[in-house]
Amino acid sequence: MSEPKTTSETSANAMWGGRFSVGPSEVMEKINASIDFDKRMSAQDIAGSKAHCSMLVKQGIINTEDGNAILKGLDTISREIENGSFTFSAALEDIHMNIENRLRELIGDAAGRLHTARSRNDQVATDFKLWVRSAIDELDKQTGLLIEALIKQAEENFDVIMPGYTHLQAAQPVTFGHHMLAYVEMFGRDRSRLQDCRKRLNECPLGAAALAGTSFAIDRHMTAEALGFDRPTANSLDSVSDRDHALEFMSSGAILATHLSRFAEELVIWCSQGFGFVTLSDAFTTGSSIMPQKKNPDAAELIRGKVGRVIGAMNTLFVVMKGLPLTYGKDMQEDKEPVFDAADTLILSVTAMTGMVSDMIANRDKLHAATADGFLTATDLADWLVKELNLPFRDAHHVTGTIVKLAEDKGCDISDLSLEEMQTVEARISQDIFRVLTVEQSAQSRTSFGGTAPENVKAAAKAARERFLS
Ligand code: ARG
């Protein structure tokens, strides 16, 4: 085997190559370069550099003339990146050195002063936090829109009766609106986790330098404020080695994706022929290339499938981080791709879900018809025995079970049995029992806080608007 080639036998990296006589081998350059993905942090890198530069000028660490040249150069670079004329180079490893190198081309030696009192270690930590922060903000906003779509469905269908399930077996009547609001609670908790993660994230690592801080008289409070952080981070070692924000973002995201997936699963079931509970719009379904009659819930299935990517991304970073001694290790360059992928996947999934939910039609008749099977009012019968005949609940449960068996043997619902038939099981049962054996009455009676009674659902939807959307 031949020796691995170097990209250049003579030129070592201009940014750090002082002690090197030759450049890296091709394969070293390939494994080392992160520019293909970290170019997504260019706006954050420029913002961080501008804040750092202004601070260096204010503190008298670099002069105003150099500072202005740097700021102007960074603005030019920002425009070049935006209009696509910027050339990214793998030989320059990452976004930080690509930008600094271009700055030198644009303004000459003054560019070399920008890296005073900072290191790529605090620089990348800052850029990454800024990126994760904006991903959190976008995901939080999109999840808010999903919550709004769900609340609208709840308001429109607050009194639409359907079976509630346990074990995917019909259990008790609930309302469609109540079911929608269950997801509102879940996505509401997701938003609060994201917002909580943002609060902890919002401390600025810039100025921690390589790991130990710096001997220059920098003002870390100034840069923190300029970049919208609440304060600078307190410990320089922690500042450059911490990736908790990424782990927390993906953990919160994994829970959110899990909620999306559970809902997607329900939609897949609900729009199947056996159920027909909802109709999804043409805009969020696809046809089959062979079966002309098909309308498949692909968006729901993809959302259900994509949770694997999000949980996978979270796992990736946990495994990368778990054995790292303080402080920075190049392993940590592996933090970005999973986070970028998780963020893209989450935002796409939430947006697709919002579209599906907004267009979705609840099929009242099918939902109601499904309550006919499964003796959904059996609990209401047992509760009547407790309330009217003062039976202990356990005994009432037993009596009801016997009545259910009777109906099952006759192939009818319990409400179709005659009073006499019921009285063979419990003689004191009166005509009044039939009052509680309709699914409407069953749902209406569940007025306990958080219960499914339509009036509760109406009030809960209103409260949810205030809790989650104001
Ligand atoms: N590209 C690197 C990363 O993403 C930047 C930090 C490099 N620091 C270093 N000491 N080599 O982590």
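Read the numbers this way: they start at 1 and go in the same order the structure lists the ligands and their atoms. No experiment lies behind these values; they were computed from the predicted model shown.
Aromatic rings of His179 and Trp270 (six-membered ring for Trp) have centroids within the 6.0 Å cut-off, being under it.
Taking 4.0 Å as the cut-off between side-chain N and carboxylate O, Arg191 and Asp140 count as a salt-bridged pair. Salt-bridge formation is detected for the pair Glu155/Arg465: a Lys NZ or Arg NE/NH1/NH2 atom is positioned less than 4.0 Å from an Asp or Glu carboxylate oxygen.
Other residues, nucleotides and ligands contribute only 12 or fewer heavy atoms inside 6.0 Å of the NZ atom of Lys366.
For atom 10 (N) of ligand 1, the nearest protein heavy atom (residue, atom name, distance) is Asn121 OD1, 3.0 Å. Of the protein's non-hydrogen atoms, the one nearest atom 11 (N) of ligand 1 is Arg120 NH2, 3.5 Å. For atom 1 (N) of ligand 1, the nearest protein heavy atom (residue, atom name, distance) is Gln333 OE1, 2.7 Å.
When each atom of ligand 1 is checked for a heavy atom of Asp94 under 4.0 Å away, the hits are 1 (N), 2 (C), 5 (C). The contact set between ligand 1 and Ser34, taken as ligand atoms under 4.0 Å from a residue heavy atom, comprises 1 (N).
Residue contacts with ligand 1: Lys336 is included, with a non-hydrogen atom under 4.0 Å away.
Side-chain polar atoms of His52 and Gln123 form no donor-acceptor pair below 3.5 angstrom.
Side-chain contact between Asp66 and Asn63 is present, with heavy atoms from C-beta onward closer than 4.5 Å.
Around atom 6 (C) of ligand 1, the closest heavy atom drawn from Tyr328, Phe37, Phe128 belongs to Tyr328.
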